[in-house]
Amino acid sequence: MQHSEMKISGVGICHGVVVVFLLLLSTTQGSSLTSQFLSPQNAARAAIGLRPLVWNARTASYAQWYANQRRKDCALRHSNGPYGENIFWGSGNVWKAAQAAALWVSERKWYDYRSNSCAGGEECGHYTQIVWSRSKRVGCAMVVCDGGRGVFMICNYDPPGNYIGERPY
């Protein structure tokens, strides 16, 4: 199993990603944190014919517990727990859950199903965890870190995915 992480600076985001963020913000204003995390991920699963992930209280509780551990330092470190895991850090305090989920999903463009690998030098492990066919349950959390250190977000997937040598779907 591999874990995936993403670090985003509040500056220097490419134009295409900004457009995705603006679209997501316009459609997720006022929606629950749960649906902000779930909607982009389940749309990615639906696009390839997979059943949606179901929000799970146990994995959400674990995600919140771990996010609270990161609140003091906002370190982009994995929990090394029993679940598959995607993590995100962004500077500032205005990041939305839908933005993190959309960034993870956007790695689809780097995943090549035929070779079961990412394009050279690119990351696609967040995407493959999201579309791991055996993952059924998800729980996510976000915290604004102390001292203006940014925003930390995490999603945990059960059963975990991203096993080396296996295809996600």
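Owing to the predicted nature of the structure, the values given are computational and were not obtained by experimental measurement.
- Side chain of Thr59 to backbone of Gly139: a donor-acceptor contact under 3.5 angstrom is found.
- Judged by distance alone, with hydrogens and angles left aside, the side-chain atoms of Asn86 form no donor-acceptor pair with the main-chain N or O of Ile130 at under 3.5 Å.
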Phe37 vs Trp55, side chain to side chain contact (heavy atoms under 4.5 Å, CB included): CA-CA, chis, key distance, verdict: CA-CA 10 Å; Phe37 276 119; Trp55 191 262; 4.2 Å; yes
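- Using a distance-only test at 3.5 Å, with no hydrogens or angles considered, a donor-acceptor pair links the side chain of Ser133 to the main chain of Pro168.
- Not a single donor-acceptor pair under 3.5 Å links the side chain of Asp112 to the backbone N or O of Ser117.
- Atoms CZ and CZ, on Phe152 and Arg77 in that order, are 9.5 Å from each other to the nearest 0.5 Å.
- Under a cut-off of 6.0 angstrom, the local environment of NZ in Lys72 is sparse, with at most 12 non-hydrogen atoms contributed by other residues, nucleotides or ligands.
- A donor-acceptor pair is defined here as one N or O able to donate and one able to accept, closer than 3.5 Å; no such pair exists between the side chain of Ser61 and the backbone of Arg58.
- Using a 30° and 60° split on the angle between ring planes, Trp104 and His126 fall in the parallel class, below 30°.
- Within the 4.5 Å cutoff, the side chain of Gln64 has no heavy atoms near those of the Cys140 side chain.
- Note that NZ of Lys136 is 7.5 Å distant from CG of Leu50, once rounded to the nearest 0.5 Å.
- Arg134 CZ to Tyr163 OH: the interatomic distance, rounded to the nearest 0.5 Å, is 8.0 Å.
- For Ala67 against Ala141, the heavy-atom pair with the smallest separation is CB-CB, 4.1 Å.
- Without hydrogens or angle criteria, Glu85 side chain to Asn156 main chain gives no donor-acceptor distance under 3.5 Å.
- For the pair Ile48 and Val131, the minimum side-chain heavy-atom distance is below 4.5 Å.
- Contact detail for Ser135 and Pro159: the closest heavy-atom pair is OG-O, 2.6 Å.
- Across Ala102 and Pro40, no two heavy atoms sit closer than the pair N-CB, 4.2 Å.
- For the atom pair CZ of Phe88 and CE of Met142, the computed distance is 8.5 Å after rounding to the nearest 0.5 Å.
- A donor-acceptor pair is defined here as one N or O able to donate and one able to accept, closer than 3.5 Å; such a pair exists between the side chain of Asn116 and the backbone of Glu166.
- In the model, Arg70 has a side-chain atom that pairs as donor or acceptor with a side-chain atom of Tyr66 under 3.5 Å.
- Under a 3.5 Å cut-off, the side chain of Gln69 and the backbone N or O of Trp65 do form a donor-acceptor pair.
- Hydrophobic clustering (ILVMFWY, side-chain heavy atoms < 4.5 Å, transitive): Val54 and Tyr83 are in distinct clusters.
- Here the CZ atom belonging to Arg149 is positioned 12.5 Å from the CZ atom belonging to Arg71, to the nearest 0.5 angstrom.
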Check against side chain to side chain contact (heavy atoms under 4.5 Å, CB included), Cys155 and Gln129: CA-CA 10 Å; Cys155 285; Gln129 175 56 79; over 6 Å; no
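- For the pair Arg167 and Tyr113, the cation-pi test (distance below 6.0 Å, angle within 45°) is passed.
- A pairwise comparison of heavy atoms in Cys118 and Glu123 identifies SG-C, 4.1 Å as the closest pair.
- Looking at Arg45, its side chain does come within 3.5 Å of a backbone N or O of Trp132 through a donor-acceptor pair.
- Here the straight-line distance linking atom CZ of Arg51 with atom CG of Asn42 works out to 12.5 Å at 0.5 Å rounding.
- Note on Trp110 and Ile87: separate hydrophobic clusters, where clusters join Ile, Leu, Val, Met, Phe, Trp and Tyr whose side-chain heavy atoms are under 4.5 Å apart, directly or indirectly.
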